[in-house]
Amino acid sequence: MSGALEDKRTATRFRILVEIADRQPAVSQGEIAEAVGVTSQAVSEYIRELVDDGYVEKEARSRYRVTKEGVDWLFQEAKGLQRFAEHVTDDVLESVQEDAAIATATIETGDTVTLSLRDGLLHASPGGSGPATGVATTSADPGEDVSITGFEGVIEIEPGEVTVVQVPSARSGGSRAVSPDELAGICADAAVVVAAGVEAVVALRAAEVDVETSFAAGEVAAAAAARGVDSVVVATADNVGRVTDALRDSDVLYEVTEAGRDGATPAAGDPNEAGDSDGAD
């Protein structure tokens, strides 16, 4: 464990040495005192000790540099702090974290529950027979929200896929160049439909398709895919690049098609058309 966690004096030495490294070579002891929360006299004494220990080198009045030994000590202490922080976040906080789920049956406080994802939402069922479990900290009737903690195991998720439907820009015909029936057919099986661009919004309205949102379409589709939900993004030609960039950044499977009066067909030359939909460049 880092010495900075074991006693206050080592922690103060660590912080003062960090401040010197950040401000060198012109070091104001008053500024360091204010940043660390000690007196200027205390900073002066700590710096004198750091010089004696070989961690700091004095060049002139109010001019100091951290030595190689000082840098090595900082790295060692910082690594110890990092390991402790990882222990707190990964082991301690993970076990006391609480999240909400939808109860599939009556659940009482303290019950062990099996966790699963349905339609992208966390669900809790009584009993601990599944691969992912937790403990209810509230009671709930079927369909109500219930608070869960003590997570164990892994929720198995089959990533969702995304179909990006390209709509021509207004100058190239826009929504008028799109068959409403064909567009409605493409969107029929998607749990989430989002739009990117005015022409896309108008085309979906003409097809009488409910739209989840017309903002951050690529990010929304990527988030849905991460929770196992398939989606369709209808995007104006000018917006397709931004949508696919967001999907690639999230390693989401997708394919791009073009919407026209004769139906949706694979976009010519697109590297992610049907048969090569791994999202790679």
Side-chain angles (χ1 to χ4, degrees), residues 99-102 104 115-123 132 145 154-170 174-175 177-281:
D99 204 348
I102 298 174
T104 64
L115 302 171
S116 61
L117 275 180
R118 304 180 187 178
D119 299 326
L121 297 174
L122 189 64
H123 285 67
D145 51 297
V154 177
I155 298 177
E156 297 178 356
I157 303 174
E158 183 69 28
E161 297 184 3
V162 181
T163 300
V164 181
V165 183
Q166 180 173 306
V167 173
S169 64
S175 61
V178 177
S179 166
D181 291 339
E182 291 290 345
L183 185 57
I186 295 171
C187 299
D189 295 330
V192 173
V193 178
V194 291
V198 170
E199 298 93 331
V201 171
V202 175
L204 286 164
R205 287 176 178 172
E208 298 183 347
V209 174
D210 293 332
V211 178
E212 195 77 25
T213 182
S214 57
F215 303 102
E219 289 78 0
V220 170
R227 286 182 165 262
V229 176
D230 293 340
S231 61
V232 170
V233 181
V234 182
T236 307
D238 296 341
N239 293 309
V240 169
R242 285 191 288 274
V243 171
T244 56
D245 283 348
L247 296 174
R248 279 196 296 269
D249 288 345
S250 299
D251 295 324
V252 173
L253 293 173
Y254 69 91
E255 66 174 354
V256 179
T257 65
E258 288 183 349
R261 277 294 175 185
D262 295 329
T265 56
D270 191 278
N272 290 288
E273 62 187 3
D276 186 18
S277 57
D278 60 1
D281 289 334

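Given the structure is predicted, the values throughout are model-derived calculations rather than measurements. Quick note: residue numbers are just sequence positions, from 1.
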Where [X] and [Y] come nearest, the two heavy atoms and their spacing:
{"X": "Val162", "Y": "Ala225", "value": "CG2-CB, 4.4 Å"}
{"X": "Val229", "Y": "Ala191", "value": "CG1-CB, 3.5 Å"}
{"X": "Ala224", "Y": "Val192", "value": "CB-CG2, 4.4 Å"}
{"X": "Ala222", "Y": "Ala246", "value": "CB-O, 4.5 Å"}
{"X": "Ala196", "Y": "Ala217", "value": "CB-CB, 3.9 Å"}
{"X": "Val194", "Y": "Glu212", "value": "CG1-CB, 3.9 Å"}

Quick one: [atom1] on [X] to [atom2] on [Y], what's the gap to the nearest 0.5 Å?
{"X": "Gln166", "Y": "Thr244", "atom1": "CD", "atom2": "OG1", "result": "9.5 Å"}
{"X": "Thr163", "Y": "Leu253", "atom1": "OG1", "atom2": "CG", "result": "10.5 Å"}
{"X": "Leu183", "Y": "Glu208", "atom1": "CG", "atom2": "CD", "result": "11.5 Å"}
{"X": "His123", "Y": "Leu115", "atom1": "NE2", "atom2": "CG", "result": "11.5 Å"}

Do [X] and [Y] touch side chain to side chain, with heavy atoms closer than 4.5 Å?
{"X": "Asp230", "Y": "Asp189", "answer": "no"}
{"X": "Val232", "Y": "Val209", "answer": "no"}
{"X": "Leu204", "Y": "Cys187", "answer": "yes"}
{"X": "Ile102", "Y": "Arg118", "answer": "no"}
{"X": "Val211", "Y": "Val201", "answer": "no"}
{"X": "Glu199", "Y": "Ser169", "answer": "yes"}

Might you confirm whether atom CG of Asp99 has over 12 heavy atoms from other residues, nucleotides or ligands at distances under 6.0 Å?
-> yes
Could you walk me through whether Asp245 and Arg242 pass salt bridge (charged side-chain N to carboxylate O under 4.0 Å, His left out), step by step?
-> CA-CA 5 Å; Asp245 283 348; Arg242 285 191 288 274; over 6 Å; no
Given the options Asn239, Leu247, Thr257, Val164 meets side chain to side chain contact (heavy atoms under 4.5 Å, CB included) only with Leu247
Checking Thr213 side chain against Phe215 main chain: does a donor-acceptor pair fall under 3.5 Å?
-> yes
